[in-house]
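Presented below is the structure to which this report refers.
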Amino acid sequence: MSRVSLSGLLNALDGVAAQEGRILFATTNKYDSLDPALCRPGRMDIHIEFKLASKYQAHELYQRFYLPDSEAEQDSEKESGPTAATTPLIDLDEIMDSSKVPSCASTLPTVTTEKAVMRGFSHLERAPKLSRAQVMQLASHFSDAIPERKLSMANLQGYLMAYKVRPFDAVKDLPDWVEKELAKVPPEIKPDDS
């Protein structure tokens, strides 16, 4: 195991041997215990706190999890116009038509594309087909059962992963799961109600 001193870390960030033109992402669970020399402007310019999940975030997560893809794509197009998810950057079928290949690409190796073959069943095929209104109603019940800022988004996503094809059960079983999750958090690190 390698041990790095604060002085060594600061030198690596902006000392004589530091490289220019890079972006550093640093994460911590104990922001207050970081040395001020490490957090000063020039070393760390943007500080973002990721808080525990709000009811709004829980609602949006549930909605994104169970809303049919076609309706989710329509929603994103309404909000921001066509996106990379709905408008491919490169149409491989078009590229395979040599009359449409840019002249600079003539030196590139030829790529043969094959259709992917899926074996087994997609969880979407096994999930009940819900209308947008049903998903929104279930999302409201889901978010109502989530205490404000007590569980992480990762916790909620992990919970929903266990219910990929059972959206009704995800809502029905949620209160018991929340109670168990909250019991796991030691009292000294439970977030305030503020």
Side-chain angles (χ1 to χ4, degrees), residues 1-67 69 72-73 75-77 79-90 108-109 111 123 139-164 167 170-171 173-194:
M1 181 167 97
S2 172
R3 303 291 274 171
V4 177
S5 66
L6 177 61
S7 174
L9 178 60
L10 297 177
N11 261 334
L13 292 177
D14 59 6
V16 190
Q19 297 176 349
E20 293 294 320
R22 63 194 154 91
I23 297 174
L24 171 71
F25 290 90
T27 63
T28 182
N29 289 333
K30 297 183 178 181
Y31 182 78
D32 295 336
S33 66
L34 293 178
D35 191 287
L38 181 63
C39 300
R40 75 162 173 77
R43 287 203 176 110
M44 293 187 182
D45 296 318
I46 299 173
H47 303 247
I48 301 172
E49 180 181 4
F50 290 92
K51 295 183 177 186
L52 296 174
S54 68
K55 287 182 177 287
Y56 170 78
Q57 289 172 313
H59 184 278
E60 291 296 306
L61 179 66
Y62 187 94
Q63 178 186 326
R64 301 265 186 271
F65 215 85
Y66 293 110
L67 193 65
D69 288 341
E73 286 174 8
D75 286 351
S76 69
E77 282 184 26
E79 291 172 9
S80 62
T83 62
T86 58
T87 308
L89 297 176
I90 300 172
L108 297 174
V111 177
H123 71 276
S140 291
H141 290 303
F142 182 82
S143 62
D144 287 345
I146 299 295
E148 189 77 20
R149 305 284 185 203
K150 299 287 185 188
L151 299 166
S152 72
M153 289 294 286
N155 283 122
L156 297 179
Q157 183 177 351
Y159 174 79
L160 290 175
M161 287 297 292
Y163 290 87
K164 279 193 235 182
V171 172
D173 298 344
L174 185 62
D176 292 336
W177 177 82
V178 167
E179 190 177 315
K180 288 177 189 171
E181 286 299 304
L182 292 176
K184 290 180 189 177
V185 180
E188 67 273 6
I189 61 170
K190 283 188 180 175
D192 297 341
D193 287 332
S194 57

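All residue numbers refer to positions in the sequence shown, counting from 1.
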Listed partners of A58 passing side-chain contact (heavy atoms from CB on, under 4.5 Å), at least two apart: F142, S143, I146, L156
Intermediate values then yes/no, salt bridge (charged side-chain N to carboxylate O under 4.0 Å, His left out), K55 and D144: CA-CA 7 Å; K55 287 182 177 287; D144 287 345; 5.3 Å; no
Greater than 12 external heavy atoms within 6.0 Å of I46's CD1: no
D173: salt bridge (charged side-chain N to carboxylate O under 4.0 Å, His left out) partners, not counting sequence neighbours: none
Donor-acceptor check, side chain of [X] to backbone of [Y], threshold 3.5 angstrom: yes or no?
| X | Y | value |
| --- | --- | --- |
| R22 | L13 | yes |
| R149 | A53 | no |
| E179 | D176 | no |

Salt-bridge contact D45-R40 (side-chain N to carboxylate O under 4.0 Å): no
State, to 0.1 Å, how close [X] and [Y] come at their nearest heavy-atom pair, and which atoms those are.
| X | Y | value |
| --- | --- | --- |
| L151 | L52 | O-CB, 3.5 Å |
| A145 | V178 | O-CG2, 3.9 Å |
| A139 | Q63 | CB-N, 4.2 Å |
| N155 | S152 | OD1-OG, 2.8 Å |
| M44 | L38 | CG-O, 3.6 Å |

Looking at [atom1] of [X] and [atom2] of [Y], how far apart are the two atoms once the value is rounded to the nearest 0.5 Å?
| X | Y | atom1 | atom2 | answer |
| --- | --- | --- | --- | --- |
| L9 | D14 | CG | CG | 9.5 Å |
| R64 | Q157 | CZ | CD | 13.0 Å |
| E148 | Y56 | CD | OH | 12.5 Å |

is_close_aromatic(H141, Y62), centroid dist under 6.0 Å: no
Determine whether [X] and [Y] make a side-chain contact, defined as any pair of heavy atoms from C-beta on separated by less than 4.5 Å.
| X | Y | answer |
| --- | --- | --- |
| H47 | Y31 | yes |
| V171 | Y163 | no |
| T27 | F25 | no |
| F65 | M161 | yes |

